[in-house]
Structure formats: structure tokens, C-alpha cells
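We use all heavy atoms of the structure for the numbers below, so side chains are in, but hydrogens, waters and symmetry mates are not. Here is the naming used below: chain letters follow the sequence lines, and residue numbers restart at 1 for every chain.
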Number of protein chains: 2
Amino acid sequence: MPQATFSREQLVERLAQVFRRHGYEGASMTRIAAATGLGRASLYHHFPLGKEQMAEMVIEATRIWFEEKVFVPLEGNQPPRQRLSAMLAVLSDYYDCGRMAGMPLVTAVCEDRDRFAESIRSFYARWIATMTQLLTDAGLARDIAARRAHDGVERIEGAVVVVRATSNAYAFVRMAEELPDQLLAGADRAAVWTVRNRFSPLSREPQPARLTG
Amino acid sequence: MPQATFSREQLVERLAQVFRRHGYEGASMTRIAAATGLGRASLYHHFPLGKEQMAEMVIEATRIWFEEKVFVPLEGNQPPRQRLSAMLAVLSDYYDCGRMAGMPLVTAVCEDRDRFAESIRSFYARWIATMTQLLTDAGLARDIAARRAHDGVERIEGAVVVVRATSNAYAFVRMAEELPDQLLAGADRAAVWTVRNRFSPLSREPQPARLTG
DNA sequence: GTCTATAAAGCGATAGAC
DNA sequence: GTCTATCGCTTTATAGAC
């Protein structure tokens, strides 16, 4: 079923699917070969260091994908609630409502997970930083925003665990519905982000009536 | 290093350590044999159905252990906040601040995880039910209590994922510190649980001054 | 750059002696 | 109830032809 040749990018994407579906130890070279259409030996031409290198490449590709699809939008100019909802829509798709693991979960249950700890740490750090910024934009104090950003990431990872362990996507869907309200509880309703956005030189939003009235 | 013979209970406990440390696929018969002091073949005398049966026994033993150490105390007569803190103290120890996975996480990343889905589902259902009861005792409406019980379990699982993926126990410790306040936010302070407890025929607490004054 | 063939080790599981 | 020995298969990885 796989096509003749892949770009490097497409190749890593296929690797990611196998790791995320079967876990690190479950992602055998035979499975990866089947998913990519390459022979087992050919994989060592692209990844001379073998499976560990493949996982490292997948983690890096995931970071780049999240940068574009999640982190940058989280830092955007839309209202905070809208940015959060957009993130959760992207994540519901990425995680297939919890049925597909992310790479942090994959590395959390594998031998020599220390090999990947630093990559995952920086991934989480970037994610939490952008969520913290969003929540301060929404009017939350910085320390509260930081705590809730940690909470949010853990809730998402936890929901994936529950969904995969119980073969029931309910937990992820419920989490995605509730998370914006919970993270934004007590935030000044759009006041602070509006002020910040209004005077931001990077704003692409139409300017308010102040300029014309 | 392993001693000569184990009781069935001790044997399953050793199995649990191996599964929780190395994951399902990482828990090889060789590792299990080393951890129990038995030969690989001897393990099939105790568990004729092999590795899947071993994992099933560990899950069941975990359920029994949680019933005694977590679920029953959650249903106790102490103030709700005290019961929550007691649970988190037990869990911090059980999960070694996130460094050891629980069986749900182990089964979430393994081949044929469907084999264990029903066991894990009933485990979670019991846990969530007891937490829901505790939170209604604290004065929360039943639907809010149920949502927060789900949230709490996911936060705990998520914290374990983050800790293991980053090799840093900070996330679990922070979660354990914050969870009681977050779950009990907005609850009537001890009012409802006190009323329920005072008139409970099962109460072992000393009766209030009403009886003597 | 992909392939066939194969090495070397590990896997879960079984047979049968004691 | 534990053992040694082994089966049959899969694993990661390599060698070398094309």
C-alpha cells in the first residue's frame, strides 16, 4: 500500500504514526518498514543510528509542527479564549481524541527514556511558556497563569492516558470542552488582552472606533 | 539478591515493580525471572497463561491495594480536605513522585491494550466514584463533583507522564500540592460533610458537644 | 538508494527431568 | 515446584550485490 518514495519529511511523518500508535518498543523495524514501503535495511541508510535516531527525528519534527500549529497561534492576537479553543481543536485532531499518543507519552513508557528527556523537556517548556503568556494576556497574574499552564498540559496528557487505557474517547472530549473555562476562570474578560493588542505594533486586527469616532 | 521463595502476594508485587518500571514490552521474562528469583520456566507454573496473565494479576492486586489504601479512606469520616491530602500522600509514595508508572499508564502504551481495557475502566470508575462522593460531601453539586473527580485522576496520570518523560519529579510534587485547593474550590467549608458525618450511624468520630452540653 | 541475505541476540513459551 | 535445555519466532543491525 505505501508509495514508491517519500521525502524526508513524509518519511518522518510515517515514522511518527508508527511510534504513536504502537509505542517505542512496539514500533519494530518490520512495522516501520511496512509503513514506509522501505526494506528494513534501507531504513539504516536514512537513519544510521537506528531506532533511537528515528524517535529523535520524530520528536524534533513534532516540535516544529507544534511551533507552527500550536505555539505561534497561542501567541497570536485573537482573544485568549479563541486562541485556547483553536489549540484544543488542533489537539483533538492531532491526538485523535486521545486515541493516538504524543511523543512525550511514548517516551514516558520506554527503555532508555533518559535518551529523550531533554528533547521532551524543551518541548514542554515552550508549550507551557506560550500558554502562560496567553493566560497573562487574559488578565491572570503571572504565577497563577504559569500554574494553570502546567495544569493544562498535564490534563491533556492525562486524558490521552485514560482514553488509551480504557479504549474510550469520552475523557478527552470532556476535557477539551471544559479546559478553556477552567484555565480562564477569574480572568478579566478580554480587558487586558484588548489593551495589549490595541497598542501592539504587530496587530493585524482592524483598529477600534477610537480612531474614526 | 532475590530470596528463596515468595508468597503469591509477594510474587505479584515483584511483577508489579517490573511492569511499572519498564513498561509492558520492557518487562521481559528474563527481567521478571531476575526480579523474582525464579527461573523463566517456573513462572509458567504460577501463571500458565504467561505474561498477559501476569499483567492481569498485577492490575487486580493494584485494585485491591487501592481499595484499602485509597478508596476506603476517601469514603471515610475525616474532613474532605484531610481525606484528599491523605490520598495524595499515599499516591506520592505509590508513584514515587511520578517516577514509577501506574498500571493504567503501562497498559496505555502496549500492544493489545484492549486486553486490559475493561479492568482499567472499572479501576478508574471506582476511583472517580469515591472522589465524586468526597467532593459532594464537601458541598459541591453532584455534576461539578463528578467533573472534578475526572479532572483529578487525569491530572495525576498526566503528572506521571510529564515526570517520566522529563526525568524531573517537579511536576508531580507541584500537582500534589495544588490539587486539594483546586478540587475543593467553592466548596462549603466543611459544613455539609459535618452534617452528614454527625448523623451517620457508622461514625467513629467523637460526638460533638451537643450531646453533653 | 534499495535490495536480499544473514548474523547475533532476545523474545515468549514448552518439554521433560528431578 | 523448580530446574535445564530448547523450540520457533522476532528483534536490531550489518554485509554486500545491484
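- Within 6.0 Å of the CZ atom in Arg126(A), the count of heavy atoms belonging to other residues, nucleotides or ligands exceeds 12.
- Within the 4.5 Å cutoff, the side chain of Thr166(B) has no heavy atoms near those of the Glu118(A) side chain.
- Under the salt bridge (charged side-chain N to carboxylate O under 4.0 Å, His left out) criterion, the residue pairs touching residues 22-41 of chain B are Glu111(A)-Arg31(B), with sequence neighbours excluded.
- Side chain to side chain, Gln182(B) and Arg148(B) fail the donor-acceptor criterion of an N or O pair below 3.5 Å.
- The Leu38(B) side chain lies nearest to dT2(D) when the options are dT4(C), dT2(D), dT2(C).
- An OP1 or OP2 oxygen of dC3(D) is reached within less than 4.0 angstrom by a side-chain nitrogen or oxygen of Ser42(B).
- Rounded to whole Å, the distance from NE2 on His22(B) to P on dG10(C) is 15 Å.
- Nearest nucleotide to the His45(B) side chain, out of dA5(D), dC3(C), dG1(D): dG1(D).
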Between N or O atoms, less than 3.5 Å apart, protein on one side and nucleotides 8-12 of chain D on the other: list the pairs.
{"from": "dT11(D)", "atom 1": "OP1", "to": "Ser28(A)", "atom 2": "OG", "distance (Å)": "3.3"}
{"from": "dT11(D)", "atom 1": "OP2", "to": "Thr30(A)", "atom 2": "OG1", "distance (Å)": "3.4"}
{"from": "dT12(D)", "atom 1": "OP1", "to": "Lys51(A)", "atom 2": "NZ", "distance (Å)": "3.0"}
{"from": "dT12(D)", "atom 1": "OP2", "to": "Met29(A)", "atom 2": "N", "distance (Å)": "2.8"}

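- Rounded to a whole Å, the CZ atom of Phe6(A) is 16 Å from the P atom of dG1(C).
- Computed from coordinates, the His46(B) NE2 to dT2(D) C1' distance equals 8 Å when rounded to whole Å.
- Legend: residues meeting salt bridge (charged side-chain N to carboxylate O under 4.0 Å, His left out) with Arg142(A), ordered by chain and number and at least two apart, are absent.
- Between the side chains of Glu60(A) and Ser119(A), not a single donor N or O lies within less than 3.5 Å of an accepting N or O.
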